[in-house]
Visitor: 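Mind looking over this structure? Questions follow.
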Protein chains: 2
Amino acid sequence: MVSEVKAQLELFFKNWFNKDRKPRQTGQKGLSIIGQRNRLQYIILGLLNQRSQTGYDLTKAFDHEIGEFWQAQHSQIYPMLKRMETDGEITHQDAVTGEKLAKKVYQLTHKGRQKLEAWISEPSPELTATKDEFILKLYFIRSADDPRIPAMIHEQVTLHQAQLDHLHLRMATVFPDQAAIDAAYGHYLILEHAIERETQYLAWLNRH
Amino acid sequence: MVSEVKAQLELFFKNWFNKDRKPRQTGQKGLSIIGQRNRLQYIILGLLNQRSQTGYDLTKAFDHEIGEFWQAQHSQIYPMLKRMETDGEITHQDAVTGEKLAKKVYQLTHKGRQKLEAWISEPSPELTATKDEFILKLYFIRSADDPRIPAMIHEQVTLHQAQLDHLHLRMATVFPDQAAIDAAYGHYLILEHAIERETQYLAWLNRH
DNA sequence: GATCCCATGTAACGTGTTACATGATTTT
DNA sequence: AAAATCATGTAACACGTTACATGGGATC
């Protein structure tokens with residue numbers, strides 16, 4: 001009885017006093033596969049480090065440039081930009097398209113660039129869960145003779161073949177020569193990796 | 001002019017009448033890579049379809065069985081089980097370990113089994129963003145001579161080699177013979193896929 | 001009796017998605 | 001003039017993680 005009341009009181013006062021951000025420590029889990037801790041800000045820093053751009057430009061970059069690796073909608077990006085500017089990692093200049101269409105061109109501050117470099121330099125000791133819905137469905141199919149398997153595989157072949165075609169196209173357009181590769185080596189590496197990944201995925205699908 | 005007023009009126013009445021839960025349609029985006037729409041419930045249905053078990057058992061399954069494909073903590077699982085029971089997809093029996101340690105053994109209802117089958121049968125037309133932090137960091141490295149690259153790659157080699165070893169071990173223990181494969185064919189396929197994926201990842205890493 | 005595992009929950013918060021909301025510019 | 005694209009925001013809600021909280025059972 002008494003302890004219940006005590007616990008509730010403690011909770012009340014804790015809530016009362018801890019209005020501001022709590023620093024949470026990471027928690028070591030070895031080979032664990034864990035979730036996301038605001039990686040979005042780092043990706044925005046990285047994109048802005050490549051060139052100054054607007055929130056709208058960043059939104060399109062998530063759609064087209066790095067869509068295979070990260071997703072973000074403008075409703076997430078605009079508030080994040082405000083927060084990062086408040087934190088002193090980025091600043092913006094106002095610009096105008098045409099007569100009066102206002103836009104904000106963001107760029108890194110020194111602090112932002114340091115934060116980006118620190119992020120890149122720190123370890124990445126975690127694996128990420130795949131979250132491939134087709135794979136999950138397959139997991140729950142017991143029998144090799146299940147009549148749904150052929151159509152499911154065919155659908156995925158179509159999907160991943162389209163993705164592979166898209167990646168090949170991007171490789172050809174973004175990296176037409178060695179100079180382009182030298183100018184964005186990491187980008188080249190991950191495109192290569194993505195192509196190999198899709199190729200292997202398709203080979204596996206086509207084998208079954 | 002008129003059309004503007006009309007649109008605002010429409011919006012007003014829409015907001016006025018739609019106080020309760022809005023049914024949200026999926027929104028076709030072609031080859032888009034979109035987010036999660038409560039897949040957890042289906043995974044729980046699938047796991048319970050394999051055998052009746054407790055929330056604790058399910059939590060462990062997420063840690064060990066399907067950790068490569070989906071993650072969930074017990075703090076997410078227990079509320080989901082309650083919700084699914086309210087929705088009539090699962091039921092539970094109370095059981096006791098030892099003298100008085102209560103536990104709840106959940107199993108599918110007919111409705112739950114139907115929902116699971118419907119989910120497996122519906123299309124999976126979406127690709128999933130990878131969200132691999134190492135890949136993101138690499139994307140932002142411009143130069144092939146960047147001094148951080150070797151250590152980054154070495155770290156990932158260690159990580160993915162450990163994962164591959166783990167997958168090989170699971171393959172050997174879960175599928176020691178053809179009978180085991182026949183009893184859980186989908187599980188076999190995705191383990192095979194995961195091993196190939198890690199093998200390819202490692203080959204790519206070791207090449208650079 | 002200490003430690004680890006079994007077992008179930010809630011609270012707080014951060015992240016991500018969809019929908020709402022508005023207006024300018026360019027293209028067809 | 002209609003449609004698509006540029007451009008920026010907020011609101012509501014769903015999802016996911018970490019932390020808080022409690023207690024029984026088994027093993028050393």
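Per chain, numbering begins at 1; letters A, B, ... match sequence-line order.
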Visitor: Take the protein atom CG of B/L101 and the nucleotide atom C1' of C/dT8, then report the distance between them rounded to whole Å.
Guide: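 After rounding, the gap between these two atoms is 9 Å.
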Visitor: What's the CD-P distance between A/Q53 and D/dA7, to the nearest Å?
Guide: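 That distance rounds to 11 Å.
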Visitor: After noting the C-alpha distance and the side-chain angles of B/H160 and B/R197, does the key distance pass the side-chain hydrogen bond (donor to acceptor under 3.5 Å, both in side chains) rule?
Guide: CA-CA 10 Å; B/H160 285 275; B/R197 182 162 50 85; over 6 Å; no
Visitor: Measure CG/A/L40 against C1'/C/dG14 and give the value in whole Å, please.
Guide: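 After rounding, the gap between these two atoms is 12 Å.
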Visitor: Please confirm whether the backbone N or O of A/E68 pairs with a side-chain atom of B/T130, one donor and one acceptor, at under 3.5 Å?
Guide: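 The answer is yes, because a donor-acceptor pair under 3.5 Å joins these two groups.
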Visitor: State which of D/dT10, C/dA24, C/dA7 makes the closest approach to the side chain of A/K100.
Guide: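 Looking only at side-chain atoms, A/K100 lies closest to C/dA24.
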Visitor: Nearest whole Å is fine: how far is D/dA7 P from A/K60 NZ?
Guide: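 Computing the A/K60:NZ to D/dA7:P distance gives 7 Å.
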Visitor: As a test of understanding, state which of A/Y201, A/Y139, A/F134 forms a ring pair (Phe, Tyr, Trp, His ring centres under 6.0 Å) with B/H193.
Guide: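 Option passing the ring pair (Phe, Tyr, Trp, His ring centres under 6.0 Å) with B/H193: A/Y201.
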Visitor: Measure from CD on A/Q76 to P on D/dA12 and round the result to the nearest Å.
Guide: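 That distance rounds to 18 Å.
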Visitor: Calculate the interatomic distance between A/Y56 atom OH and C/dT25 atom P; express it in whole Å.
Guide: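 One finds 15 Å between P of C/dT25 and OH of A/Y56, rounded.
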Visitor: Taking atom P of D/dT17 as reference, at what distance in whole Å does atom CZ of A/R37 sit?
Guide: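 About 11 Å, once rounded to whole Å.
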Visitor: Can you check the B/H74 NE2 to C/dA7 C1' distance for me, whole Å?
Guide: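 Going from B/H74 (NE2) to C/dA7 (C1'), I get 9 Å.
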Visitor: Does the side chain of A/K131 get closer than 4.0 angstrom to OP1 or OP2 of D/dG16 through an N or O atom?
Guide: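 Answer is yes, contact under 4.0 Å.
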Visitor: Report yes if a donor N or O on one partner sits less than 3.5 Å from an acceptor N or O on the other, where the partners are the side chain of A/S75 and the base of C/dT18; otherwise report no.
Guide: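 Yes, a donor-acceptor pair under 3.5 Å.
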Visitor: Whether B/Y78 contacts C/dG9 is assessed here as follows: a side-chain N or O lying under 4.0 Å from the phosphate OP1 or OP2. Is that the case?
Guide: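 No.
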